[in-house]
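Chain letters run A, B, ... following the sequence lines, proteins first, then strands; residues in each count from 1.
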Protein chains: 2
Amino acid sequence: MIHSSTSIMKPQDYAALYKNNLLNSVIPFWMEHSRDDASGGYFTCLDTTGNVYDTDKFMWLQCRQIWCFAMLYNRVGKKQEWLDFALHGANFVLEHGRDAGGNFYFSLDRAGNPLVQPYNIFSDCFATMAFGQLYLATKNELYADVARNTFYNILDRAENTKGIYNKSYPGTRPLLSFSLPMILCNLVTEIETLLPADLYQQTIAHGIDTVMNRFYQPDLGLIVEHIQPDGTRSNSFEGRLINPGHGIEAMWFIMDLAEKQQDKTLIQKAVDITIATLEYAWDEKHEGIFYFLDQKGSPPQQLEWDQKLWWVHIESMISLAKGYAHTNDQRCWQWFEKLHAYTWKHFVDEENGEWFGYLNRKGEILLPLKGGKWKGCFHVPRGLYQLWQTMEKINAK
Amino acid sequence: MIHSSTSIMKPQDYAALYKNNLLNSVIPFWMEHSRDDASGGYFTCLDTTGNVYDTDKFMWLQCRQIWCFAMLYNRVGKKQEWLDFALHGANFVLEHGRDAGGNFYFSLDRAGNPLVQPYNIFSDCFATMAFGQLYLATKNELYADVARNTFYNILDRAENTKGIYNKSYPGTRPLLSFSLPMILCNLVTEIETLLPADLYQQTIAHGIDTVMNRFYQPDLGLIVEHIQPDGTRSNSFEGRLINPGHGIEAMWFIMDLAEKQQDKTLIQKAVDITIATLEYAWDEKHEGIFYFLDQKGSPPQQLEWDQKLWWVHIESMISLAKGYAHTNDQRCWQWFEKLHAYTWKHFVDEENGEWFGYLNRKGEILLPLKGGKWKGCFHVPRGLYQLWQTMEKINAK
């Protein structure tokens, strides 16, 4: 750590800390350990020190890592090794990642043979982001085509994202999910130049309205994961589910969209939801943010409900930092310092690089890994980049 | 508790304790709290004191509860209230539980409308058990037909149990699962009188061979959950998975089958696997049996891997008690006492009835429930009955 825990850190200190962790710990970890030279693509199942413990290739994580290195190239600096590293993944994904209909498989084996069918539309979402960033980096029209075609395919599948793999019986309990309208806002922002202006505007407007007026529940002060088509809550496991990290993460997406529209009321609403969600989901006994909660206080079905996950914490730090940068709301800064202290103490591995991902309720390491089936090169580097930039903005004010 | 923890308990003490817990705590809990008089069937989502916190009806748990009460009627005593309670569930399941092809849905809403399609063949397995026991109790041929037809339907689906909901890409990594051949042995035992003798014999012979010669790995001393069709292990998350409770549970099924065949060698092998699995999966730091482990010591994909589950512990107690009854192997008794002490201390709720189901690694209650989506009226009453009977056998020797 740059500063001991007793000294008070200022925005410029945080900026330096996050930049250093990103460029000298996290990115080197993935460049050193995740490249599969023999078969292409990336290994993502990496233990504490970076040893590969499984070689399957998950499309979420392949695409997120491509996006990450292309984003660094586009926004941090034109390092050829970053672009090459993104292209290394992209070549593998383009060769093996899709079925004949252009849908992205969920996973492949090391060599690129499909293992799990394209049942999960977020594979396609992350592919859109990956090839959108790669197009910005290279101006290669092939990547633009993949990003655009994948995006339109997502829109075609939006009504029933799991397609033939959907196990819900039609009609009994139709629930809308918060995930898709939110991520569509991200996607159109990522590939704005590839889309008609009205589609971009409509998607953003619909996304903001859906998240802030439908999934957000004023009486709770919280965002729920699923609602009924008429906008009411469903008294079911899915309907009662609160995923605090997911709701808070969405608030910095909303702040970014509101900033473009210069909508200060919307920014303040996103700040208020962030704070309310943290107050609701903070573990007063052992610190950290719970992974899942039941809105009525009943037992959630997720056995991992009380665990502390890396992405929940870093995404919350981003919402707090951005909220503070926009509004100067002191609640944001106080919560930010609390989150930073917890996160830096428990998740960051300064010795071996990258962050641990999964802690038990008490903050002890639950799985000694830096990557797996769901944790790859994404939330940590994206978050560190966002925090570094936001802290520099606060410092410059 | 009947005995303080310092006194040494004898088989007759355990028999009395288990009988009392079954008949005066567990069964009354379900009879009092789980009956849905308005819509039929059972509530299974019950909190610590028995309040209903969710009203969905899961076919696994509906059928398991029917089986349980029919089994009590058949084996413990001809109490009309037990049979009526089984029939109460059976009427609901027969009216609402199946699609037009006779496949059992995974779940229904409270009123009986299908929620989740029949993707999970264990719904059908537990239905076979339920209606098999109910036929034994009533001699009603309707129940015999349901049990038999469902069993043959399971055989038809055995090659691809998830059918159209199977997300695995065909051919890349074909894995065989340990669950089905084992449960088929149970099913043919439950409905032996309804099946041709040769089908019964073949299923048993195939199940024993599959479990003990193919899924059992002599170099590890353990049973793995999945193998490749050629019998070798797969170096993948699924291939490396050890589910200690599942392997140990299978050993008392094997002992019961071996007892009928008077095969002492097979019984001893089942005892040895039970002990080896416990030595492998026992948590030396916090006691209890881990839920999931990776055979190579890598991080498992299941975030709940270190939790302590009720069914793992009571099923292990049954294998140890039966192993001791058959072989007099002192390792069984020593492990049994250790398991009993842990289980009685952590899972049993003598104040409110029934058992808690989910503990964290340290043995603290993770979810304050007696039933949910996966825990119903099954492992605890079946286990207590088996333990009571086995302890009486040991005592009579």
Over all atoms of both residues, closest heavy-atom pair of A/K167 and B/Y119: CD-CG, 3.3 Å
When the 4.5 angstrom heavy-atom criterion is applied to A/N113 and chain B, the contacting part is both
Using a 4.5 angstrom heavy-atom cutoff, name the option from B/I164, B/L115, B/V116 with the most pairs to chain A. B/L115
Under 4.5 Å from any heavy atom of chain A - which part of B/N166: backbone
Can you find a pair of side-chain heavy atoms, one from B/D54 and one from A/R240, that are under 4.5 Å apart? yes
Where B/P299 and A/L367 come nearest, the two heavy atoms and their spacing: CB-CD2, 4.0 Å
Heavy-atom contacts under 4.5 Å, residues 283-295 of chain B to chain A: B/Y291
Please give me the minimum heavy-atom distance between A/S168 and B/Q117, naming the atom from each residue. O-NE2, 4.0 Å
Between A/F237, A/Y358, A/F106, the one whose heavy-atom pairs under 4.5 Å with chain B are most numerous: A/F237
Can you list the steps and then say if B/K373 with A/Q301 is a side chain to side chain donor-acceptor pair (under 3.5 Å)? CA-CA 7 Å; B/K373 182 173 175 179; A/Q301 61 173 311; 3.0 Å; yes
More than 12 heavy atoms from other groups under 6.0 Å of CZ on A/F356: yes
Under 4.5 Å from any heavy atom of chain A - which part of B/P300: both
OH of A/Y53 to CG of B/N235, rounded to nearest 0.5 Å, is 12.0 Å
Under a 4.5 Å heavy-atom cut-off, does chain B meet the side chain of A/N360, its backbone, both or neither? neither
Tell me the residues of residues 302-310 of chain B whose non-hydrogen atoms fall below 4.5 Å from those of chain A, in number order. B/L303, B/E304, B/W305, B/D306, B/Q307
If you round to the nearest 0.5 Å, how far is CZ of B/R361 from CD of A/E364? 8.5 Å
Does B/Y169 OH have over 12 foreign heavy atoms under 6.0 Å away? no
Under 4.5 Å to a heavy atom of chain B? For A/K362 that would be side chain
Quick one: OH on A/Y105 to OG1 on B/T172, what's the gap to the nearest 0.5 Å? 8.5 Å
